[in-house]
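Worksheet: the structure to be examined is printed underneath.
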There are 2 protein chains.
Amino acid sequence: MESIPERVFDKLAEKNIKPSFHRIKVLEYLMVNKNHPTVEQIYSSLKKLFPTLSKATIYNSLNLFVEKGLVQPITIEETEIRYDSTVESHGHFKCECCRKIYDFGIDIDSIPSSGLDNFIIYSKEIYYRGICRNCADVKSSQRS
Amino acid sequence: MESIPERVFDKLAEKNIKPSFHRIKVLEYLMVNKNHPTVEQIYSSLKKLFPTLSKATIYNSLNLFVEKGLVQPITIEETEIRYDSTVESHGHFKCECCRKIYDFGIDIDSIPSSGLDNFIIYSKEIYYRGICRNCADVKSSQRS
DNA sequence: GTTTGTATTTATAACCGTTATAAATTTATA
DNA sequence: TATAAATTTATAACGGTTATAAATACAAAC
């Protein structure tokens with residue numbers, strides 16, 4: 001099993017992205033923090049380690065990663081984009097109560113669809129919204 | 001078969017939304033124009049008919065409709081929200097070439113998922129991205 | 001028909017995530 | 001070391017959305 005720093009280098013090399021210091025740190029952050037962080041979250045975390053960091057660098061890096069298919073943007077929020085370094089098939093669930101975004105298992109490619117004959121499909125995203133188990137538990141215990 | 005004006009009234013009544021003049025016009029617009037319009041598109045169209053219309057009214061009406069489950073917001077675009085008066089199960093495909101958003105048939109509820117035990121699910125959205133048939137045709141004919 | 005209170009609409013400022021721009025810095029190449 | 005190219009920084013600008021307060025429309029009570 002490769003370590004994360006090793007996998008960061010491999011992923012960047014695989015997509016022909018020059019492994020600059022900041023790009024490495026941004027991708028590493030995404031691979032360690034699987035909680036679908038926003039630009040602001042990535043920026044404020046890395047800023048503590050590297051005080052000269054600019055927010056534009058986060059945007060530059062992420063936009064490059066998305067363009068190259070290394071990272072998936074999650075548009076489940078209306079206000080800001082979240083990012084996920086896992087591009088394999090899975091869904092995202094947003095709890096309307098605690099606002100947390102959960103991954104869940106789903107095999108998107110096994111789902112039959114109609115009306116897309118001769119369409120070329122690059123990516124598929126599945127978003128569910130509702131109340132997560134934790135919040136549902138709290139609510140039901142409050143009720144009793 | 002009910003006419004659209006009749007269905008507009010029924011839908012509003014069903015959700016206990018007072019049928020003000022502007023709300024009727026906004027919902028009617030969404031039910032006639034099934035092309036997932038943006039706020040700007042709705043506003044500029046209705047503005048021609050009712051010159052005193054304010055854009056805030058469009059936002060107010062749409063936010064109310066979404067809150068009441070009458071209309072579905074589509075967040076497939078990174079920059080702006082689109083709206084769909086069809087809340088029944090279907091997917092949205094965005095062409096990266098012509099930017100058009102297509103509906104397609106898919107039975108979301110038949111798809112097995114894992115990791116959401118005891119989660120309460122309110123809504124499901126499926127977004128595909130790629131190249132639509134029209135744009136794919138143009139590209140392949142250019143190539144030859 | 002007034003009067004009074006409430007809901008809706010209008011107009012506009014403010015907010016905030018993102019993009020654009022240009023200067024500064026770093027990195028690569030010769 | 002000199003030159004060119006790429007990256008990062010700092011900040012202004014952009015644009016979709018929300019917030020605010022005034023104006024208007026609507027409803028109920030008298």
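Throughout, a chain's letter reflects where its sequence line sits, starting with A, and its residues are numbered from 1. The figures that follow rest on heavy atoms only: side chains count, while hydrogens, waters and symmetry mates do not.
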Verdict with reasoning, B:Thr86 to B:Lys34, per side-chain hydrogen bond (donor to acceptor under 3.5 Å, both in side chains): CA-CA 8 Å; B:Thr86 304; B:Lys34 305 298 295 175; 2.6 Å; yes
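- The partner of D:dA22 is C:dT9, judged by Watson-Crick or G-U wobble contacts that both fall below 3.5 Å.
- The two residues B:Glu28 and B:Val8 make their nearest non-hydrogen contact at CA-CG2, 3.8 Å.
- Within a heavy-atom distance below 4.0 Å of DNA chain C, the residues of residues 48-77 of chain A found are A:Tyr59, A:Asn63.
- Each ring-ring contact (aromatic ring centres under 6.0 Å, His included) pair with one or both residues in residues 68-95 of chain A, not counting sequence neighbours, appears once here: A:His36-A:His92, A:His90-A:His92, A:Phe93-B:Phe119.
- Less than 4.0 Å separates DNA chain C from at least one heavy atom of each of the following residues of residues 17-40 of chain B: B:Lys18, B:Ser20, B:His22, B:Arg23.
- In this structure, the ring of B:Tyr128 has its center no less than 6.0 angstrom from the ring center of A:Tyr122.
- One interatomic measurement links the two molecules: NZ of A:Lys47 to C1' of D:dT8, which rounds to 12 Å at whole-angstrom precision.
- A:Tyr127 and A:Glu125 are linked by a side-chain donor-acceptor pair at a separation below 3.5 angstrom, with hydrogens and angles left out of the test.
- Look at CZ on A:Arg82: it is 16 Å from C1' on C:dT18, rounded to the nearest Å.
- The 12-atom threshold is not exceeded at CZ of A:Phe9, counting heavy atoms of other residues, nucleotides or ligands nearer than 6.0 Å.
- Between A:Ile81 atom CD1 and C:dC16 atom P there is a gap of 17 Å when expressed in whole angstrom units.
- B:Ile101 and B:Val32 are members of different hydrophobic clusters when ILVMFWY side chains are connected at heavy-atom separations under 4.5 Å.
- The only member of A:Asp107, A:Ile111, A:Ile108 that meets side-chain contact (heavy atoms from CB on, under 4.5 Å) when paired with B:Ile111 is A:Ile111.
- Per the geometry, CD belonging to B:Glu80 stands 13 Å off C1' belonging to D:dC14, to the nearest Å.
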